[in-house]
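Let me begin by presenting the structure, written as structure tokens, before commenting on it.
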Amino acid sequence: MDHHRRVRRDLTPIDVSAHDSYQVEIKALHRVPEGLPMGEEVTYVQDMFFFMPKSLGLHTEAYSKELFYRSVTSYIRVKTPQVLADEEVQSCRVDRILPGLHRAAQGHELPRSQEECIDEVRLFGTFVNDQLKLMSRLDDAKALKTSMEEVCQLVSAYRMVMDTITERLETDGSGWWGLRDAFRYVDEFLSNRVEDAVLEADHRDIDLSGFMKEEFSRRGRKGYLQVVHPVSGDVTDEKNRELFVFRMGRFKKYISELLYLEVKRVRHDTIITNITAAIGAAMAAFVTALADPNQRTSLSGRFFESIRDSFSLMVLVVAGIYVFKDRMKDWVKVYLLVYFRPWVPDYSYKIRSRKGATIGRCKEEVRFTNSGEVSDDIAMRRKDASGSEVILASDSFEDVLFYRRALKIRPLALEGLFRNTNSLKDITRVDFNPFLAKLSNSRHKEEFLAPDSSIKEVDLPKVYHVNLIIRHRIQSKETGALACCYSRVRIILDKDGIKRVEEVDLEPENRSGDFRVEAAAFGARNSA
């Protein structure tokens with residue numbers, strides 16, 4: 001029981017936000033629970049319930065599985081490893097994060113593999129970028145300035161290694177151009193990320209501009225692309241700004257893709273469809289073999305001999321047999337599809353590292369239901385405690401799209417990727433463009449009477465609410481249910497796209513679940 005409580009405390013809530021005007025991004029952090037038996041696999045299940053007003057006109061025919069999966073983009077990556085402890089960051093232990101390159105900068109031999117060196121550089125970039133993100137959560141000015149000093153010291157130490165190794169490569173004529181590019185890409189990217197941190201601090205009335213004085217001159221020396229001219233202070237032309245956005249996007253991808261895992265999807269519903277069609281065709285062929293009047297071996301041969309003199313009866317019987325054969329083939333196919341559907345996901349794929357090691361597997365499935373058929377735990381969390389919504393008990397006024405992602409992870413394989421690696425980030429983006437097709441105009445004018453009897457013309461927004469409830473569970477085959485929590489957001493749509501995403505507070509007792517009560521409901525595939 002103590003172990004279960006510890007895992008539940010470590011469960012991180014789902015983060016849902018608007019990625020852009022049309023996409024909602026759902027981020028989940030899957031941590032490996034502590035204290036599990038050696039080699040045991042852990043399963044992380046995300047059940048997403050999209051409660052959609054019927055006015056959106058989305059149903060099985062209008063919003064097919066194929067369209068849904070085309071609208072969904074998924075990424076699975078390793079959470080940036082904490083390669084340096086806090087005290088090592090403070091003491092600028094760059095030798096711990098760039099071990100091979102740091103030794104080479106001290107006069108030792110370079111590592112044998114250029115790829116190993118490039119991975120060290122990219123890992124440094126991801127780590128510092130993560131530190132800059134963590135800084136944005138600090139409210140205390142003194143703590144923010146201290147953290148900025150630590151990050152800048154790390155970057156300065158990195159640049160000393162970079163300049164020393166680059167000069168050495170140029171001197172001995174080494175062809176390691178990939179390593180030189182890696183140094184430069186990470187350096188230019190982090191230079192702009194430090195500037196972002198300075199600007200964010202400035203918006204909170206914290207002056208960190210002093211950290212940029214040397215940065216501008218270094219950019220000029222290195223020839224890095226800048227939006228603001230380093231001498232005149234003028235904003236450069238649009239072509240230059242386009243190139244800046246493009247380069248920053250490429251740098252970010254180059255650095256972060258080190259942590260992304262490879263996936264290869266396999267579509268199971270197509271396989272099952274083909275199998276059931278083959279079974280139906282085989283049964284139809286069996287009926288044909290039994291009842292074909294032209295086959296001498298037909299078991300019905302004597303029957304056809306008895307009616308062979310009646311042409312009309314012969315045509316009627318033969319036509320009936322062939323119609324029954326074709327209908328039976330389709331009926332068997334549909335029946336088997338319905339029978340096997342609860343046990344077969346729409347897609348599954350293996351999760352592999354860049355070197356081919358299998359980290360785990362993922363299964364996906366999606367289907368429509370209605371608000372009256374969801375399980376009690378979800379229905380309870382759908383209720384609006386604020387009272388701002390009008391929900392009639394007798395009215396099933398919403399369609400519900402149910403989407404499940406189940407990731408089964410091998411902790412030992414995950415922990416072997418990088419030092420201090422014990423978490424995966426599962427990122428899902430849902431494109432809401434198909435939700436907008438039947439929406440009314442986003443604004444209209446209407447007149448109202450003021451208390452002084454004057455008429456006020458008011459511009460009214462027309463919006464639609466999509467409520468998303470996510471049930472996040474951790475479980476394993478041997479240990480059983482480990483943790484469960486719920487998240488809920490309201491996605492506000494209009495004809496032009498996503499206006500905003502609002503977090504809906506759940507009561508404390510509704511944020512987590514009791515597995516001993518809910519386990520039976522989770523085990524039923526159709527309970528959702």
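The residues of the chain are indexed from 1 along the displayed sequence.
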Residue pairs meeting ring-ring contact (aromatic ring centres under 6.0 Å, His included), one or both in residues 18-44, sequence neighbours left out, come to His30-Tyr44, His30-His472
Pairwise distance [atom1]([X]) to [atom2]([Y]) - rounded to 0.5 angstrom:
X	Y	atom1	atom2	answer
Ile255	Asn129	CD1	CG	7.0 Å
Leu98	Arg103	CG	CZ	11.0 Å
Ile409	Arg31	CD1	CZ	15.5 Å
Ile359	Arg352	CD1	CZ	10.0 Å

Verify whether one side chain among Asp377 and Tyr486 offers a donor that lies under 3.5 Å from an acceptor in the other.
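Side chains of Asp377 and Tyr486: pair found under 3.5 Å.
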Less than 3.5 Å apart, any donor N or O on the side chain of Ser256 or Arg77 sitting next to an acceptor on the other?
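Not at all, the side chains of Ser256 and Arg77 share no donor-acceptor pair under 3.5 Å.
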According to side chain to side chain donor-acceptor pair (under 3.5 Å), who are the partners of [X], at least two apart in sequence or on a separate chain?
X	answer
Asp496	Ser442
Arg218	Asp187
Glu150	none

Counterpart residues, ring pair (Phe, Tyr, Trp, His ring centres under 6.0 Å), relative to [X] (two or more places apart):
X	result
Phe211	none
Phe68	Tyr403
Tyr69	Tyr347
Phe418	none

Below 4.0 angstrom, N of the basic side chain to O of the carboxylate: do [X] and [Y] qualify?
X	Y	value
Asp163	Lys222	yes
Glu502	Arg490	yes
Glu41	Arg361	yes
Lys27	Asp15	no
Glu87	Arg96	no
Glu365	Arg367	yes

Within a 6.0 Å radius of atom [atom1] on [X], are there more than 12 heavy atoms belonging to other residues, nucleotides or ligands?
X	atom1	answer
Glu40	CD	yes
Arg419	CZ	yes
Lys408	NZ	no
Tyr185	OH	no
Met160	CE	no

Chi angles and distances behind the side chain to side chain contact (heavy atoms under 4.5 Å, CB included) call for Leu225, Glu188
CA-CA 8 Å; Leu225 193 65; Glu188 186 172 348; 4.0 Å; yes
Which pairs would a plain distance check flag for residues 203-210, meaning a side-chain donor or acceptor within less than 3.5 Å of a matching protein atom at least two apart in sequence or in another chain?
from	atom 1	to	atom 2	distance (Å)
Arg204	NH1	Leu138	O	2.4
Arg204	NH2	Leu138	O	3.3
Asp207	OD1	Ser209	N	3.1
Asp207	OD1	Ser209	OG	2.7

Shortest non-hydrogen contact between [X] and [Y], atoms and distance:
X	Y	value
Gly223	Arg184	O-NH2, 3.7 Å
Leu123	Leu258	N-CD2, 3.6 Å
Ser423	Leu414	N-CD2, 3.9 Å
Gly497	Leu436	CA-CD1, 3.8 Å

For Asp346, which of Lys363, Arg405, Lys65 qualifies under salt bridge (charged side-chain N to carboxylate O under 4.0 Å, His left out)?
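Single pass found, and it is Lys65.
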Show every donor-acceptor pair shorter than 3.5 Å between a side-chain atom in residues 108-117 and any protein atom, with sequence neighbours excluded, or say none if there are none.
from	atom 1	to	atom 2	distance (Å)
Ser113	OG	Glu115	N	3.2
Ser113	OG	Glu116	N	3.3
Gln114	OE1	Gly178	N	3.1
Gln114	OE1	Leu179	N	2.9

From Phe50, Phe49, Phe51, residue fulfilling side chain to side chain contact (heavy atoms under 4.5 Å, CB included) relative to Leu468
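Of Phe50, Phe49, Phe51, side chain to side chain contact (heavy atoms under 4.5 Å, CB included) with Leu468 is met by Phe50 alone.
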Is the Phe124 ring parallel, tilted or perpendicular to the Tyr158 ring (thresholds 30°, 60°)?
parallel
Could you give me the CA-CA distance, side-chain angles and deciding distance for Lys133 and Arg193, then say whether side chain to side chain contact (heavy atoms under 4.5 Å, CB included) is met?
CA-CA 9 Å; Lys133 290 179 182 178; Arg193 285 292 291 116; 3.9 Å; yes
Any side-chain heavy atom of Arg219 within less than 4.5 Å of one from Glu215?
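Answer yes - side chains close enough.
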Is any side-chain heavy atom of His102 closer than 4.5 Å to one of Glu120?
no
Sequence neighbours excluded, the answer for salt bridge (charged side-chain N to carboxylate O under 4.0 Å, His left out) partners of Glu257 is Arg122
Under 3.5 Å, which donor-acceptor pairs link side chains of residues 238-246 to any protein atom two or more places apart or in another chain?
from	atom 1	to	atom 2	distance (Å)
Asn240	ND2	Gln226	O	3.0
Asn240	ND2	Thr236	OG1	2.7
Arg241	NH1	Thr236	O	2.5

